[in-house]
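Order of appearance sets the numbers: ligands from 1, and atoms from 1 within every ligand. Remember, it's a predicted structure, so these values are computed and weren't measured experimentally.
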Amino acid sequence: MSESIGNTGSGMKLHTRILLGLLIGAVVGIAANQALGGDHALVAWVNKYLAGPVGQIFLRMLFMIVIPLVFASITLGVAGLGDLKKAGRVGGKAVTYFFLSTALAATLGLVIVAAARPGERLDPTIREELLQQYAGDASSRVQAAATSTFGIGTLVNIVTRNPVKSAVDLDLLGIIFFALMFGAALTQIPAERAKPMIGFLEALNDVVIRIVGFAMRLAPYGVAGLIFGVTSAFGFHLLKPLAAYVLVVIGALLIHALVSLSVIQRVLIGIDPRLFFNRIRNALVTAFSTSSSSGTLPTALATAEQNLGIPPQIAGFVLPLGSTMCMNGTALFEGITVIFLCQVFGVDLSMGQMVVVMLMSVITAIGAAGVPGGSIPLLVGILTMFGVPGEGIAIVLGVDRILDMSRTTVNVWGDLTATAFVAKSEGVWDASMVPAMEERAA
Ligand code: ASP
């Protein structure tokens with residue numbers, strides 16, 4: 001594919017237009033919230049008839065292709081690796097990287113929150129107010145937590161009983177498993193029999209990537225609409241009492257992205273982190289505005305293949321796995337939130353318990369779905385383990401959207417780093433294969 005998703009062929013570069021959409025949507029949304037208030041009739045009208053629909057259409061365009069994309073790219077990835085031994089090795093390497101980088105992120109979060117102690121700064125009367133205000137929302141999340149505990153059932157359920165139902169439910173792990181089996185089986189039948197199926201899947205893959213291109217043309221408007229929806233409704237008064245907590249989460253996310261991931265990119269992958277960031281900007285803005293790793297997967301895949309030049313059989317194999325399993329930002333956020341709420345409720349944790357928090361954050365981040373708020377039910381599960389009332393999540397729900405946007409961005413940043421790491425360590429890609437884009441930009 002010669003065309004890059006960074007260029008639309010006319011006028012301003014696409015990523016500049018998307019960033020502009022983000023900025024305009026945010027500024028207009030904040031202004032509307034401040035001048036009129038989140039529930040003013042005009043703001044509600046704009047959200048209902050303009051910003052909301054445009055944002056939703058963009059989001060739906062992306063979700064529309066997630067299932068065929070995951071199926072085609074994983075199957076082709078496994079089949080393209082040639083033999084099962086190789087697929088097993090690449091998969092093993094990817095999963096090890098996911099686990100270690102996520103553990104690094106969670107540990108970083110824990111160290112920072114233990115040092116900054118934002119929970120001790122929360123006024124008890126504000127705690128009560130927040131608990132009351134979000135009690136209803138929290139109780140439904142607590143109920144969701146009861147049905148989404150991470151256990152042996154989670155593992156068994158990965159082996160889908162019905163791939164069509166998995167597709168309907170957007171159960172990505174089920175689809176991934178089915179695609180892994182499908183790809184593995186394709187390598188075992190005679191080549192001339194496998195060929196038409198591979199040709200079909202390659203065409204399917206190209207078609208959905210082309211649809212990503214259509215969706216990305218909408219992205220500047222979609223992103224503006226989604227961000228307007230969040231900022232116009234966002235209660236900025238909530239930020240004040242929780243400012244210390246929000247700053248700790250965002251600060252730690254930034255440190256992970258700009259320091260930890262940059263070191264990995266420079267030292268282990270041998271690529272300039274600024275170049276890497278430049279190439280993946282579209283995927284990051286999509287993650288920020290959709291708060292969904294799964295929704296960002298189509299853009300991330302196109303970005304990896306076209307803007308970074310990573311071979312499709314690696315990108316198509318590692319990225320779909322990463323989008324549901326590798327959540328650096330989520331684990332970091334969960335670690336901080338558990339400790340923050342322990343501080344608020346006066347629960348003292350020993351060193352050993354901190355390690356358990358770290359491990360639970362990693363495991364639940366791996367188990368969380370890549371959708372907005374996907375980690376919240378699992379987070380409630382960890383809270384109750386440490387004697388914090390599950391409803392305590394109510395304290396942070398009011399600011400969760402902004403944190404969700406931020407952690408999803410770091411999740412996707414981490415997924416793309418993981419993909420580059422695996423491609424580099426397999427010896428099939430390096431920084432010199434990143435296509436030059438600036439000079440081709442229209
Ligand atoms: N929204 C996150 C994602 O899709 C998951 C979460 O942390 O809630 O990556």
Quick one: table the atom pairs, ligand 1 N or O against protein N or O, below 3.5 Å, distance rounded to 0.1 Å.
unit_1	atom_1	unit_2	atom_2	d
ligand 1	1 (N)	Ser291	O	2.9
ligand 1	1 (N)	Val371	O	3.0
ligand 1	1 (N)	Asp404	OD1	2.7
ligand 1	1 (N)	Thr408	OG1	3.1
ligand 1	4 (O)	Ser293	N	2.8
ligand 1	4 (O)	Ser293	OG	3.4
ligand 1	4 (O)	Gly370	O	3.3
ligand 1	4 (O)	Val371	N	3.4
ligand 1	7 (O)	Thr330	OG1	2.6
ligand 1	7 (O)	Ser375	OG	2.8
ligand 1	7 (O)	Arg407	NE	2.7
ligand 1	8 (O)	Gly374	N	2.9
ligand 1	8 (O)	Ser375	N	2.9
ligand 1	8 (O)	Ser375	OG	3.0
ligand 1	8 (O)	Arg407	NH2	3.1
ligand 1	9 (O)	Ser293	OG	2.5
ligand 1	9 (O)	Asn411	ND2	2.8

Salt bridge Arg210-Asp206, side-chain N to carboxylate O under 4.0 Å
no

Residues pairing under side-chain hydrogen bond (donor to acceptor under 3.5 Å, both in side chains) where one sits in residues 322-335, two or more places apart or in two chains, turn out to be Ser101-Asn328, Thr102-Asn328, His256-Asn328, Thr330-Asn411, Glu334-Thr364

Per side-chain contact (heavy atoms from CB on, under 4.5 Å), Phe228 is matched among Val54, Ile30, Val28, Leu50 by Val28

I want to check a possible cation-pi pair here: Arg266 against Phe276, using under 6.0 Å from ring centre and within 45° of the ring axis as the test.
no

Here the ring pair (Phe, Tyr, Trp, His ring centres under 6.0 Å) pairs for residues 320-343, sequence neighbours left out, are Tyr245-Phe340

Side chain to side chain donor-acceptor pair (under 3.5 Å) filter on Thr107, not counting sequence neighbours, yields none

